Amino acid sequence: MSAIKIALFGLGTIGTGVADILLNRHEHIRKVTGHDILLARICDKDIVSQRDTYISPDILTNNPDSIFNDPEITVGIELIGGIEPARTFVLRLLENGKDVVTANKALLAEHGAELFAAARQNGRTIAFEASVCGGIPILSSIATSLQANTILSINAIVNGTSNFILSQMEHGGTSYSSAVKEAQKLGYAEANPAMDVDGTDAVQKLAILAQLGFGAAVNWKDISRMGIESVDAIDFKFANDLGYRIKLLAVADVGEEGLELHVAPTLVKFDNPLARVQDAFNAVRVVGDYVGSVFFQGLGAGRKPTASAIAGDIIDTVLGRTKITFNTLNLWKDDKEVMPIKRSDNFYGKSYLRFDAEDRPGVMRDFAAVFSEKNISIASMIQHEINTINDNSSKQKAVIILITHESREGDLLAAIEKLEKIPSIQGKIIRMRVQD
Ligand code: HSE
């Protein structure tokens with residue numbers, strides 16, 4: 001049996017995990033695939049530092065050309081992350097006749113059309129299971145087992161770091177910043193963890209799910225996005241009192257006007273399985289017209305789960321399975337009929353609003369008038385007297401929590417803008433979506 005030579009770019013947390021699984025499970029992979037898959041070269045800027053897994057210095061290089069120009073290497077694994085040089089490296093791999101495996105959601109969400117066109121032009125493939133929800137086989141499930149369905153909706157927790165932070169905050173004891181540090185230490189967080197907490201990582205993954213599940217061509221930057229930065233310990237208490245948990249949800253939902261896409265901190269009812277997903281776990285609920293609702297849960301970040309997905313893609317590529325799926329799906333193709341994306345102004349849904357207000361006669365009348373003018377109906381409201389306003393006056397302050405009935409997003413945002421101008425309302429209005 002002659003060895004199939006593959007090469008890896010990027011020896012960070014995930015790259016080391018991939019090297020580990022390929023080197024230490026080499027015999028197992030040979031047995032189950034019938035192929036001798038050999039990690040022939042690893043390219044990284046740093047080829048000196050010791051990694052957790054022993055890697056022979058003979059296969060380390062900092063010269064990417066030694067991979068592009070090696071005709072014996074047939075598969076390149078891109079684990080550099082970010083846009084450049086990852087984009088150029090993927091293009092060079094394809095131009096040099098090599099198939100690509102990548103975990104890079106930012107790259108696909110931004111340059112999917114260019115990279116897939118280059119792969120088609122060169123008769124090569126791109127596999128990308130690890131780009132969404134790490135170890136959960138969500139992309140292959142949508143692409144293969146569920147392909148006879150029309151997908152109706154996807155509701156998912158796709159960012160492990162923010163779920164970890166929300167879980168730590170909800171159960172008390174851990175501050176926001178130490179939860180971020182812990183997520184970095186465990187290898188969940190992005191190089192820039194702001195992308196985890198501001199929803200960027202989640203919209204990039206949602207853009208990939210939208211392409212795969214719905215054939216929707218959407219730039220991740222156009223997806224409606226709210227992060228978890230404004231979620232406060234007090235919100236967990238109020239949410240709990242109302243029967244909800246707070247999760248950063250990525251949603252794709254087919255409606256009459258097209259596909260509704262958004263990422264936002266969301267109050268999820270206790271009995272929804274997504275509400276029970278804790279720590280760094282990810283979960284995806286897919287609804288298809290034939291299959292009904294299916295639920296996937298697992299670790300969406302971290303060395304081993306992500307390496308598991310990447311190794312699966314490498315095996316599929318070597319066995320030729322990726323080629324079949326790649327050619328059948330025709331993703332990111334210009335001439336494909338694409339599903340329209342609904343304007344966010346026209347989304348309908350329930351919202352949770354929290355704000356501080358002066359506690360005196362007439363304040364509630366003022367904000368109720370704004371809701372009435374914008375045609376927003378209040379479903380429930382809690383007011384807590386809290387303390388005095390810190391402006392050297394003796395004004396009493398109240399925290400107001402509202403849940404609206406289904407309302408049009410454009411109307412709600414207009415109402416929030418108007419409410420924030422009312423002098424008796426203090427500071428910003430915190431808003432989350434609500435899913436029953
Ligand atoms: N930073 C990501 C997360 C890693 O926390 O989910 C996987 O994309």
Side-chain angles (χ1 to χ4, degrees), residues 10 12-18 77-83 86 101-110 112 127-140 154-169 174 176-212 220 223 225-229 231 246-251 263-266 274 277-284 296-313:
T13 304
I14 307 303
T16 305
V18 172
I77 310 153
E78 182 279 304
L79 299 175
I80 304 166
I83 305 298
V101 174
T102 180
N104 193 331
K105 67 248 150 177
L107 183 63
L108 293 173
E110 203 153 322
F128 53 104
E129 181 65 67
S131 66
V132 179
C133 295
I136 304 176
I138 184 61
L139 302 186
S140 60
I154 297 177
N155 285 264
I157 294 168
V158 294
N159 184 267
T161 300
S162 53
N163 205 46
F164 183 76
I165 294 168
L166 292 173
S167 300
Q168 298 281 322
M169 287 174 76
T174 312
Y176 184 90
S177 59
S178 54
V180 175
K181 281 198 194 104
E182 183 68 9
Q184 282 176 300
K185 209 170 87 190
L186 293 167
Y188 303 144
E190 295 301 297
N192 170 10
M195 295 174 79
D196 292 297
V197 295
D198 73 5
T200 300
D201 175 80
V203 288
Q204 290 172 340
K205 290 168 179 166
L206 186 59
I208 295 171
L209 287 169
Q211 170 66 225
L212 186 64
W220 66 268
I223 296 178
R225 169 174 65 89
M226 290 190 269
I228 62 164
E229 307 99 317
V231 179
I246 301 171
K247 297 288 164 196
L248 184 71
L249 276 203
V251 173
V263 164
T266 305
L274 287 163
V277 178
Q278 296 290 332
D279 301 324
F281 281 91
N282 282 189
V284 188
F296 302 79
Q297 179 173 351
L299 278 171
R303 174 177 292 175
K304 283 186 154 183
T306 312
S308 157
I310 292 163
D313 272 353

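Read the numbers this way: they start at 1 and go in the same order the structure lists the ligands and their atoms. Only this structure's heavy atoms are used, side chains among them; waters, hydrogens and symmetry mates stay out. One is the number of the first residue; the rest follow in order along the sequence. Just so it is clear, the model here is predicted, and its values are computed rather than measured.
- With ligand atoms numbered from 1 in the order given, ligand 1 contributes 3 (C), 4 (C), 6 (O), 7 (C) to contacts under 4.0 Å with heavy atoms of A301.
- No part of T306 comes within 4.0 Å of ligand 1, judged by heavy-atom distances.
- Within the 4.0 Å heavy-atom shell around ligand 1 one finds G300.
- Near K105, the atoms of ligand 1 lying under 4.0 angstrom from a non-hydrogen atom of the residue are 7 (C), 8 (O).
- Of all atoms in ligand 1, listed by their number and element, those nearer than 4.0 Å to a heavy atom of D196 are 1 (N), 2 (C), 3 (C), 5 (O).
- Put simply, the side chain of F128 does not reach to within 4.5 Å of the side chain of K105, judged on heavy atoms.
- Side-chain contact between Q204 and M195 is present, with heavy atoms from C-beta onward closer than 4.5 Å.
- C133 is listed as a side-chain neighbour of V284, based on a closest heavy-atom distance under 4.5 Å.
- Within the 4.5 Å cutoff, no side-chain heavy atoms of N104 are placed close to those of I80.
- Protein heavy atom nearest atom 6 (O) of ligand 1, with residue, atom name and distance: G160 N, 2.7 Å.
- Proximity of T161 to ligand 1, defined as any heavy-atom pair under 4.0 Å, is shared by backbone and side chain alike.
- With distances taken over non-hydrogen atoms, the option nearest atom 2 (C) of ligand 1 out of Q204, M195, E190 is E190.
- With contacts defined as side-chain heavy-atom distances shorter than 4.5 Å, the pair L274/K247 does not qualify.
- Taking every heavy atom of both residues into account, M169 and V231 meet most closely at CE-O, 3.5 Å.
- Closest to atom 4 (C) of ligand 1, if we only count protein heavy atoms, is Y188 O, 3.1 Å.
- Residues I208 and W220 are not in side-chain contact: their nearest non-hydrogen atoms beyond the backbone lie 4.5 Å or more apart.
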